Amino acid sequence: MIDPLLALLVAFAVFGIFAVLFWPGKGIYAAYKKAKRNTSRVLIEDTLKHLYDYEERNVHSTLRSIAGHLSVSSDDATKLVQKLQSMGLVESGQDGIQLTSQGRSYALRVIRIHRLWERYLADETSVKETEWHLEAEEKEHNISIEEAETLAAQMGNPVFDPHGDPIPTKEGEIPKRKDISLSGLRSGEFGRITHIEDEPQAIYIQLVAQGLYPGMQVRIMDVGKNRIKFEVNGEECILAPLFAANVHVVPLLKQEDITSEFKSLSSLRKGEKAVVAGISKACRGPQRRRLMDLGIVPGTVVTVELESIGRDPVAYNIKGATIAIRKKNADQIYIHPKVGEPRAYKEFSQEELN
Amino acid sequence: MIDQSKCEACPVHNTGNLKRLGINMDKFDFVVALAGNPNTGKSTVFNNLTGLKQHTGNWPGKTVTRAEGGFEFNNSRYKLIDLPGTYSLLSTSTDEEIARDFILFGQPDVTIVVVDATRLERNLNLVLQVLEITERAIVCLNLMDEARRRYIEIDERTLSRDLGIPVIPTEARQGIGIPNLLTAIDEVVNGKFICKPYRITGTSKGLAKAVEYITEKIKRQFPLLPNARWVALRLLEGDQKIIDAIRSGEISGIAKRNSVEENFAAV
Amino acid sequence: MTKIQLNEKEKLIASANTLRWEIGESLHDSIIESIYTDAAKIANKVVKVKEQKKKYSYDQAIDRIVTSKWLGFPIMFLMLSVVFWVTIEGANVPSGLIANLLVDTLHPVLKDFASSIGTPSWLSGVLIDGAYLAMAWVISVMLPPMAIFFPLFTLLEDFGYLPRVAFNMDNLYRKVGAHGKQALTMTMGFGCNAAGIIATRIIDSPRERIIAIITNNFSLCNGRWPTQILIATIFIGGAVPAYLAGIVSAAAVVGIALLGIIFSLVVSWGLSKTILKGEASAFSLELPPYRPPRILRTLYTSLIDRTIFVLWRAVVFAVPAGIVIWLVANITIGGTSIAEHFTNWSDPFALLVGLNGVILLAYIIAIPANEIVVPTVLMLTVLVAGIAGVGSGDGVMFELDSVADTSAILHAGGWTVLTGINLMLFSLLHNPCSTTIYTIYKETKSIKWTVISSILPVMMGFAVCFFVTQVWRLIAS
């Protein structure tokens, strides 16, 4: 018979080797897969996306920007661009490297898959918000356009990704960006800077000095007659309307989120009542629909009926039915403050009072 | 409360005219769909009509495939389709899709919506959605006994008038009200009761304009379509089945059939 | 893009699409809100509640007890224990009767009839000793417990208690990244894993449904309870003083079942950290009002819907297995049967994980149904150990009425307490039966998930048995 100690040691060793090889995300196999990722298809598609992105932002792309974006050497970037030129996807003109119409529709196709996948992750899976983009970066090169179409049909052909960006259609159409000037946004609204007018130069220099550049996200804090106060990259910024008119932005959909003025449903205690104000935009897809189908719409009166061990989930009486909801979702349901009417003392059961 | 025993005796309301056919339904004259929220006694109604003994659990998604059964009443043969129990018909989940597509594309001659009388408001959500899709529907106001125990009274005549369709109170567990339900089915499929379904009044804000615009476009292309507004809403929600049906022209099939019968009813 | 002249229909679809970009994503919300507004308007008009005075509500009273902090879990375990106890106790007698009829009475009659009409012995061996006997065992061991368990389970379901179980257990399942309703499919799995897997349809998140499917096998199903009880009685009960035997062996079986629940939670957690990455998704569950179950109808429907369905699938898979069992015991190469060749060959490995070649072979050829593992083990032990005078020939499965006799055979086959413990562990942690595997494939329509749910438990079984064995030996030496 084999010595048990030896057997155990061998087994641990085998397990250790196996773990080193296949540990999710960090093992040798995962590293190998990561290294293999930079195939020519991935490089081509990432280049096209980069070019499209710069065109959208009215910035000229160069070999250097490509090399920097893909983290390859400038020699490789040159080769890549030559290859793309021979494929008829890009052309270089006086404005730097530009997409041909064929290249643009290829780029849009990749973007479509990317945004569809983000939408899928947001709606149908419980992947964390911070991981959507990274996972979609992988997936956009791996799934075929047919698979993407099936996915789209299954989700009800979404037209926006979870960040509020439009998803290009199968045919490569995308809505014309509707730039407005920063002064066109109302307070509380979100926008992304798309363009900064370089004429007249005096104003332009001022704006650049403020550290504004295309792609930044802004949130308007206050719109006054003589000044517009907004938040950009976590810092407060104030511009005169004349200056603000030269900053172009696209409004983002985020502004509809109901803010912290409301309490969440999960703050109610057993026996308390409240009126639903709405569901946070962070709750989306089938989850959102399911909650609404169950009767959680603005105006519905909700009573806490039962609390499970650990207070998660909690069962609420919603339009006559008892429905259990996890705390995570109850956090996303907003209620009107001060409407919850406490019950009279005599209505409490003996058990609750103890 | 109507005296049930008298009803059972009178010739019109005779369950004697009911012949339960179980799963035997080769030749049938009419198709009846059975929809409803979970926990409303939908299966009990199904079993009551067909004589089958189907079991469904207490939660949605249990009846994932639809069950079928048959019965004969007043010399007409009916095929009864038990749709999955759902709270709504607007989501992308499989069971809701099955129910929604059957009511639209399966074109049942009448759709019975089984409703829990003790929670009418919540159940009306589904009823109103069904009425957006189809014109011919019946509300089966089930669990009346439980409602009575809880001192809930429902003015079913006003409800029927408001919804524009027959509303039949039942206690399916005891078989009470089933004869009335059969009569209502008979009346609706034979055009003796013409449904004027309630349609949802307002979609809020700036959306109404978009909905109206598409509805008009659909009406222009498919003038006979009875539920253009609903088709427009589905189109704006990106429902692939509707997109395909418009592309293939299948949607006009729905229009044709309905209009023929409307003309027939008008005669 | 060059645009071809679109026809009217395409234009309609295209303009809808353009509009969707403009109106944003609030359409759905707005539709549902307006429907509920109208519903409320109509309902307010037609519904009247006569008496405002709140009546004592039974539902709330029951709910307060069954979901309470202190009583919730004890009541749950009590209910389930009662269900299992009734199932195991109640099944004994009918199982014996059916076995008596099909195995002890009908089997010899068939054999005699076959030899009287001059059937060659290999043919009657394959058909009667192999196929027929496997079917007979499956029916006699499987039918009575299922016919008791499923109706009881359905009664709890119809009464409305099971959703409360999910409500109580959800907290645990959320923490391991799984769905609250997995508690229900797991409980269902105690009856039959195939039925448990079908029940996972109630879970609407695909990720969590796959987790529920993979981990369902960790619920000790009805087919495995008899093995557990027999082995626990012989080896665990036999190792303690007689007055403790009953309680200790019962505790061992319950311990294995609890271990299964722990494994299902741990594996769910592991899966949601690795190949099925993600957090627990939304969970909304209606707690329906309690309704008195209709006992007769429930008995009838659960018998038809679940019992007969599952039994039929098991029989279909058991028949070919019976043939294989007979063949491996009877086809000889160089004077020894295939079975002996295999057990000799696999013994070194099997001993390493504290089992033996017979058990491995039994688990391989008895893959269609866990019910025939014990008869196969006995038959093979007798065959391999060369014990004379028990059973009725090579390749003929049998069971003995007396536990003592069974114990004698197993000890003669070289079994120890350690073998017993490992068999109990391996019976919990091995590949699902072929009925279940087939059901997993039908439900997931994915070869990948079917393979994973089949391989994962058996790997874990080997690992756990190996560890237990080596540590045991280390301590013993």
Side-chain angles (χ1 to χ4, degrees), chain A residues 1-5 7-8 11 15 24 101 105 124-128 157-160 164 166 169 171-175 253 256 278-279 281 283-284 286-295 297-300 305-310 312-313 315 319 321-326 328-329 349 351, chain C residues 1 14 17-18 20-22 24-26 28-29 32-33 36-37 40 54 59-60 63-64 67-69 72-73 163 166-168 170-171 174 177 180 204-208 273-275 277-289 351-352 463 466-467 469-474 476-477:
Chain A
M1 191 168 292
I2 306 163
D3 180 38
L5 197 61
L8 281 172
F15 180 79
S101 71
S105 75
E124 316 262 334
T125 73
S126 34
V127 174
K128 280 202 201 97
N157 297 303
V159 289
F160 291 101
T169 61
E171 291 79 21
E173 292 161 18
I174 191 156
L253 285 172
E256 287 176 50
I279 304 175
K281 287 281 172 195
C283 175
R284 56 183 98 228
Q287 296 190 15
R288 184 185 189 83
R289 289 172 181 217
R290 178 68 69 211
L291 287 177
M292 296 196 82
D293 288 344
L294 289 171
V297 292
T300 302
E305 194 137 299
L306 284 174
E307 287 173 350
S308 73
I309 304 142
D312 185 8
K319 292 187 193 282
T322 309
I323 293 177
I325 297 174
R326 279 183 177 167
K328 194 180 134 210
N329 289 103
S349 68
E351 187 193 334
Chain C
M1 246 192 100
N17 211 20
T18 319
R20 292 181 69 199
W21 271 320
E22 282 172 24
E25 296 189 290
S26 54
H28 188 88
D29 288 16
I32 296 209
E33 278 166 30
Y36 264 117
T37 312
K54 215 175 164 200
D59 280 20
Q60 276 178 14
D63 271 341
R64 205 161 287 164
T67 67
S68 83
K69 208 171 178 178
F73 275 88
F167 181 70
N168 283 340
D170 180 57
N171 207 354
R174 182 180 46 81
D204 30 48
S205 148
R207 184 188 77 90
E208 281 143 41
K273 289 284 168 230
T274 55
I275 46 174
K277 221 167 163 185
E279 287 170 72
S281 74
F283 163 80
S284 55
L285 174 77
E286 184 177 349
L287 303 178
L351 289 174
L352 198 62
F466 170 81
F467 189 75
T469 308
Q470 300 306 330
V471 169
W472 178 287
R473 283 180 189 157
L474 198 64
S477 64

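Everything numeric in this text was worked out from a predicted model, so none of it was measured. Any value given below was found using the heavy atoms of this structure, including those in side chains, with hydrogens, waters and symmetry copies removed. Here is how names work: the chains are called A, B, and so on, in the same order as the sequence lines, proteins then strands, and each is numbered from 1.
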Residue pair Arg326(A) / Asp170(C): nearest heavy atoms and the distance that separates them: NH2-OD1, 2.6 Å
Euclidean distance, Ser284(C) OG relative to Leu294(A) CG, rounded to 0.5 Å: 5.0 Å
Interatomic distance, Asp63(C) atom CG to Thr322(A) atom OG1 [nearest 0.5 angstrom]: 6.5 Å
Side-chain heavy atoms of His28(C) within contact of Arg288(A), under 4.5 Å: no
Side chain / backbone / both / neither for Ile275(C) at chain A, heavy atoms under 4.5 Å: neither
Nearest-0.5 Å distance that lies between atom CD in Glu307(A) and atom OG in Ser68(C): 12.5 Å
Asp59(C), part contacting chain A, at a heavy-atom distance under 4.5 Å: neither
Heavy-atom pairs under 4.5 Å with chain A, option from Trp472(C), Phe467(C), Phe466(C), Phe73(C) with the top count: Phe466(C)
Least distance between heavy atoms, Ala324(A) atom then Phe167(C) atom: CB-CD1, 3.5 Å
Student check: side-chain heavy atoms of Ser308(A) and Thr67(C) closer than 4.5 Å: no
Residue pair Pro158(A) / Arg20(C): nearest heavy atoms and the distance that separates them: CA-NH2, 3.9 Å
Partners meeting side chain to side chain contact (heavy atoms under 4.5 Å, CB included) with Ala321(A) (sequence neighbours left out): Ile323(A), Arg119(B), Arg122(B), Glu286(C)
Heavy-atom contact with chain C under 4.5 Å, split by part of Pro286(A): neither
Heavy-atom proximity to chain C below 4.5 Å, by part of Thr300(A): neither
Heavy-atom pair of closest approach, residues Ile309(A) and Lys69(C): CG1-CA, 3.9 Å
Residue, of Thr169(A), Leu5(A), Val159(A), Val297(A), that accumulates the most heavy atom pairs under 4.5 Å with chain C: Val159(A)
Glu305(A) versus chain C, the contacting section by heavy-atom distance below 4.5 Å: side chain
Residues forming a side chain to side chain contact (heavy atoms under 4.5 Å, CB included) with Pro4(A), sequence neighbours excluded: Gln470(C), Arg473(C), Leu474(C)
Option that, when pairs with chain A are counted at under 4.5 Å, heavy atom only, ranks first among Thr469(C), Asn168(C), Ile32(C), Asn17(C): Ile32(C)
Beyond-backbone contact of Tyr36(C) with Lys319(A), side-chain heavy atoms, under 4.5 angstrom: yes
Residue pair Leu287(C) / Ala315(A): nearest heavy atoms and the distance that separates them: CD1-CB, 3.8 Å
